[in-house]
K.L.:
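Sharing a structure, written as structure tokens. Questions coming.
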Amino acid sequence: MVTRLSNFFLRTLREDPAGAEVISHKLLIRAGYIRPQAAGIFAWLPLGLRVKERIERIVREEMSAAGAQEVHFPALMPREPYEQSGRWGEYGDLLFRLQDRKGGDYLLAPTHEEAFTLLVKDLYSSYKDLPLTIYQIQDKYRDEARPRAGLLRGREFTMKDAYSFDASDEGLDASYAAQRDAYERIFQRLGLEYVIVQADAGAMGGSRSEEFLHPTPVGEDTFVRSEGGYAANVEAYTTTAPAAVSWDDAPAATVFDSPNTPTIDTLVAHSNAVLDGEYTAADTLKNVVLALTHLDGTREVVVVGMPGDRDVDMKRAEVAFAPAEVEPATDADFERHALLVRGYIGPWSPTGAVLGEESATGIRYVVDPRVADGTRWITGANIDQKHAHSVVAGRDFVADGTAEVANVRDGDPAPDGSGPVTIARGMEIGHVFQLGRKYAEALGLKVLDQNGKLVTVTMGSYGIGVTRILAIIAELNNDDRGLIWPASVAPFDVQVVAAGRDQVAFDVAEDIANQLEAARLDVLYDDRVKVSPGVKFGDAELVGVPKIVIVGRGAADGQVELWDRASGDREAMSAADAIARLTR
């Protein structure tokens, strides 16, 4: 049936909505695809649902081609399975938690690993039932602290999440490869550029983890890649540590006066003035104090030593210290640890070790991998207004471990030896995990193998952000007048606009719309009588249907214009030729 704009639920806006920052957020609201309900929460209007359904159709087709079968779980889930897997606590404030009238704990699911695992446990018991891959397209909920950018980062969003179940690691590898290949086909059909990067699994757990990132300046993910083919999220980048060096010729660590040098810049300038040699920030050992809040609510202060020319990347720190929450130490933290001399902290002093679990402070001390044994540093002496030079790692101090928390920079070496990396921004559009046996062990999912022995099932998890993809496509396909949808996901295949004031224009437009609909095209017909052609054209540009037929002054002679929204070309032709062009 032809969709008539005269009774279609649509109101367009001429001004950008207040608070909208990115173009997709602005245009999807202005063009009548979504309406805000609260921060990070949107209502879907008919146009938006049409685009969303087309994206989901492509996802379903490729999931089916990869051998996956669709199921559907409720968004409202009980606490118990998430308690068993540990994620009731691991997710922290990201979970929407609620209670029913009897005091039972529930959550709005951020993902459904537990539900999928228990479903298979309930129904399958033999290796003969496997391999199995099932998926759903469902709304998810995460209580983001800073929901922003419309659909790009919301608190309610639609995901496709698939889960594979295999009796062996070899089976998991095959299932993982099938889903990974399906993702590539999905993104190619959607016209999305993507980079596959190594990633950290985070609270999802598991071993192998890869993200599909769409490179974009508005992306919230930072990734690195080398010309030799290495690509990784910065959270998963691993530093190439230097080899240990001998300290046989190193002079003894020596304290020197360093008044008013609480920063790396002031320390470098002072060291070059009073010490022999030419020093840079890379010769100094910066000691950053972080505070960790663990799942049980306890707070721990940790000191991280790193070259002074590096800064802490808080996303990398969150991964390094997960599942604890990480933040810079506060004044209250320093008050509780009076032995730390702020601005002059170091792992060594003339009286011995200052940092480390076996030291006077008992504060855990971890270092960047670049702080290898034998490396020599200028660092705090843990005495007010004093630093120390020739402090040697491994000789004068020993760390409790290493931590990948320093920022990654252009030119850093790829860990696989494929050359220097460059930094780029991207938006996550898909993520594939080899979960392994984490959830199966936690929830008791076992099957009988060929020998009648119980074995734990191994799992994979595969997610695609449907609504985020919709927003990214909108980000990529627009101009200063509105959206320009690619044909694969457009809400309609063609829009017919009756732009003349005479009845003949409406009669011809109606006939064209009906013929296009009979040819199995989705047609939006602007049949509004008391709306000017200028307003109709403005709405057509804003809504962004890729092909537009304009029926105006030439209607009596059977002439129309075929308007290509992407190129802007408007070509006069007969109505018959326009129909033939659109239906061939």
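This one's a predicted model, so the numbers in the text were calculated from it and none came from an experiment. Any value given below was found using the heavy atoms of this structure, including those in side chains, with hydrogens, waters and symmetry copies removed.
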K.L.:
Out of curiosity, Asp181 CG to Glu62 CD, how far, rounded to the nearest 0.5 Å?
P.N.:
10.5 Å
K.L.:
In plain terms, say whether Arg581 and Glu571 are close enough for a salt bridge, that is, a side-chain N and a carboxylate O under 4.0 Å apart.
P.N.:
yes
K.L.:
Could you verify whether a donor N or O on one side chain and an acceptor N or O on the other, from Glu156 and Tyr141, lie under 3.5 Å apart?
P.N.:
yes
K.L.:
Looking at Gly32 and Leu47, what are the two nearest heavy atoms and their distance?
P.N.:
O-CB, 3.9 Å
K.L.:
Once salt bridge (charged side-chain N to carboxylate O under 4.0 Å, His left out) is applied, do any residues pair with Glu210, and if so which ones, sequence neighbours excluded?
P.N.:
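Glu210 satisfies salt bridge (charged side-chain N to carboxylate O under 4.0 Å, His left out) with Arg180, Arg208 only.
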K.L.:
Between Thr422 and Arg225, is there a side-chain donor-acceptor contact under 3.5 Å, judged purely by atom types and distance?
P.N.:
no
K.L.:
Should the pair Arg4-Glu510 be classified as a salt bridge under the 4.0 Å nitrogen-to-oxygen rule?
P.N.:
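Salt bridge present between Arg4 and Glu510.
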K.L.:
Under a 3.5 Å threshold, yes or no: a donor from one side chain and an acceptor from the other, between Glu184 and Tyr194?
P.N.:
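Per modelled atom types, Glu184 and Tyr194 side chains form a pair under 3.5 Å.
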K.L.:
Salt bridge check, Lys26 against Glu21: does any charged N sit closer than 4.0 Å to a carboxylate O?
P.N.:
no
K.L.:
Please examine the side chains of Val549 and Glu561, heavy atoms only from C-beta on, and report whether any two atoms are closer than 4.5 Å.
P.N.:
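No, every pair of side-chain atoms sits at 4.5 Å or beyond.
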K.L.:
Regarding Asp412 and Arg310, does a basic nitrogen lie under 4.0 Å from an acidic carboxylate oxygen?
P.N.:
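Looking at Arg310 together with Asp412, the answer is yes, because their closest N to O distance falls below 4.0 Å.
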K.L.:
Please assess Ile464 against Ile429 for the test side chain to side chain contact (heavy atoms under 4.5 Å, CB included), listing each intermediate value before the final yes or no.
P.N.:
CA-CA 6 Å; Ile464 284 180; Ile429 53 177; over 6 Å; no
K.L.:
Do the side chains of Glu113 and Lys438 get close enough for a salt bridge, i.e. N-O under 4.0 angstrom?
P.N.:
no
K.L.:
Does a side-chain heavy-atom distance below 4.5 Å link Leu5 with Leu524?
P.N.:
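SC-SC contact between Leu5 and Leu524 confirmed.
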K.L.:
Could you check if a side-chain atom of Arg155 sits within less than 4.5 angstrom of a side-chain atom of Pro147, using non-hydrogen atoms only?
P.N.:
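A side-chain contact under 4.5 Å exists here.
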K.L.:
Given Phe492 and Trp485, is the side chain to side chain contact (heavy atoms under 4.5 Å, CB included) satisfied, shown in steps?
P.N.:
CA-CA 9 Å; Phe492 294 93; Trp485 293 106; over 6 Å; no
K.L.:
Which residues pass the salt bridge (charged side-chain N to carboxylate O under 4.0 Å, His left out) test with Glu325, sequence neighbours left out?
P.N.:
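Listed in chain order: nothing, the list is empty.
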K.L.:
Taking it one step at a time, do Leu45 and Tyr33 satisfy side chain to side chain contact (heavy atoms under 4.5 Å, CB included)?
P.N.:
CA-CA 5 Å; Leu45 308 187; Tyr33 285 77; over 6 Å; no
K.L.:
State which residue, out of Tyr462, Phe223, Phe187, fulfils the ring-ring contact (aromatic ring centres under 6.0 Å, His included) condition with Phe212.
P.N.:
Phe187
K.L.:
Decide salt bridge (charged side-chain N to carboxylate O under 4.0 Å, His left out) for Asp143 and Arg97; before the verdict, give the C-alpha distance in whole Å, the side-chain angles of both, and the deciding distance to 0.1 Å.
P.N.:
CA-CA 10 Å; Asp143 192 5; Arg97 295 176 170 85; over 6 Å; no
K.L.:
Go through Asp221 and Arg425 one step at a time and tell me if the salt bridge (charged side-chain N to carboxylate O under 4.0 Å, His left out) criterion holds.
P.N.:
CA-CA 6 Å; Asp221 290 296; Arg425 300 289 294 176; over 6 Å; no
K.L.:
Sort out for me which residue in Val408, Leu213, Val234 forms a side chain to side chain contact (heavy atoms under 4.5 Å, CB included) with Thr222.
P.N.:
Val234
K.L.:
Evaluate the side-chain proximity of Ile196 to Glu211: yes if any heavy-atom separation is below 4.5 Å, no if none is.
P.N.:
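Result no, sub-4.5 Å side-chain heavy-atom pair not found.
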K.L.:
Going by heavy atoms in the side chains, are Leu107 and Arg79 under 4.5 Å from each other?
P.N.:
no
K.L.:
Supply the atom-to-atom distance Phe73 CZ to Ile134 CD1, rounded to the nearest 0.5 angstrom.
P.N.:
5.5 Å
K.L.:
Using the side chain to side chain contact (heavy atoms under 4.5 Å, CB included) rule, take Asp410 and Val421 through it: C-alpha gap first, then chi angles, then the decisive distance, then the call.
P.N.:
CA-CA 6 Å; Asp410 282 333; Val421 300; 5.9 Å; no
K.L.:
Quick check on Asp93: does its CG atom have over 12 non-hydrogen neighbours (other residues, nucleotides or ligands) under 6.0 Å away?
P.N.:
no
K.L.:
Checking Arg520 against Thr583: is there a side-chain donor and acceptor pair closer than 3.5 Å?
P.N.:
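No, no side-chain donor-acceptor contact under 3.5 Å.
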K.L.:
Tell me, which pairs form a side chain to side chain donor-acceptor pair (under 3.5 Å) where one or both residues lie in residues 543-559, sequence neighbours left out?
P.N.:
Lys547-Asp564
K.L.:
Please report the C-alpha distance between Glu53 and Arg57 in whole Å, then the side-chain angles of each, then the deciding distance to 0.1 Å, and finally whether the salt bridge (charged side-chain N to carboxylate O under 4.0 Å, His left out) criterion is met.
P.N.:
CA-CA 6 Å; Glu53 188 276 331; Arg57 184 189 309 167; 2.9 Å; yes
K.L.:
Check for a donor-acceptor pair, side chain of His214 on one end and backbone N or O of Met427 on the other, with a separation under 3.5 Å.
P.N.:
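No.
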K.L.:
Output the distance between atom CG (Asp309) and atom CG (Asn407), rounded to the nearest 0.5 Å.
P.N.:
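If I round to the nearest 0.5 Å, the distance is 8.5 Å.
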K.L.:
Return a table of donor-acceptor pairs under 3.5 angstrom between the side chains of residues 466-474 and protein atoms on other chains or two or more places apart.
P.N.:
from, atom 1, to, atom 2, distance (Å)
Thr467, OG1, Thr158, N, 3.1
Arg468, NE, Leu152, O, 3.0
Arg468, NH1, Glu428, O, 3.2
Arg468, NH2, Leu152, O, 2.9
Arg468, NH2, Glu220, OE2, 3.2

K.L.:
Tell me if the CD atom of Glu15 is crowded by more than 12 foreign heavy atoms within 6.0 Å.
P.N.:
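Not buried by this count: 12 neighbours or fewer within 6.0 Å.
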K.L.:
Looking at Lys315 and Asp313, is there a salt bridge between them, counting it only when a charged N and a carboxylate O are closer than 4.0 Å?
P.N.:
no
K.L.:
Could you grab the distance from atom OH of Tyr163 to atom NE2 of His112, nearest 0.5 Å is fine?
P.N.:
8.0 Å
K.L.:
Could you give the distance from CG (Leu151) to CD1 (Ile29), rounded to the nearest 0.5 Å?
P.N.:
8.5 Å
K.L.:
To the closest 0.5 Å, what do you measure between OG (Ser164) and CE (Met459)?
P.N.:
7.5 Å
K.L.:
Does a donor on one side chain sit under 3.5 Å from an acceptor on the other, for Thr238 and Glu404?
P.N.:
no
K.L.:
Compute both the distance and the angle, then confirm whether Arg50 meets the cation-pi test with Trp44: under 6.0 Å from the six-membered ring centre, within 45 degrees of the axis.
P.N.:
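No; the conditions do not both hold, so Arg50 does not lie above the ring face of Trp44.
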K.L.:
Can the ring centroids of His25 and Phe42 be said to lie less than 6.0 angstrom from one another?
P.N.:
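They qualify: ring centres under 6.0 Å apart.
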K.L.:
Let me have the donor-acceptor pairs involving side chains of residues 6-13, under 3.5 Å, with sequence neighbours excluded, atom names and distances please.
P.N.:
from, atom 1, to, atom 2, distance (Å)
Ser6, OG, Asp527, OD1, 3.0
Ser6, OG, Asp527, OD2, 2.8
Thr12, OG1, Asp539, OD1, 2.7

K.L.:
Assess the residue pair Glu144 and Arg153 against the criterion (salt bridge (charged side-chain N to carboxylate O under 4.0 Å, His left out)); give the C-alpha distance rounded to whole Å, side-chain angles, the decisive distance to 0.1 Å, and a yes or no.
P.N.:
CA-CA 8 Å; Glu144 298 285 356; Arg153 189 176 185 86; 2.8 Å; yes
K.L.:
Whether the side chain of Ser85 engages the backbone of Tyr82 through a donor-acceptor N/O pair (distance < 3.5 Å, no angle test) should be reported.
P.N.:
yes
K.L.:
Considering only residues two or more places apart or on different chains, which pairs with a residue in residues 492-503 satisfy side chain to side chain donor-acceptor pair (under 3.5 Å)?
P.N.:
Arg54-Asp493, Gln503-Asp507
K.L.:
I'd like to check Ile550 versus Val560 (side-chain heavy atoms, cut-off strictly below 4.5 Å). Are they in contact?
P.N.:
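A side-chain contact is absent here, since even the closest heavy-atom pair is not under 4.5 Å.
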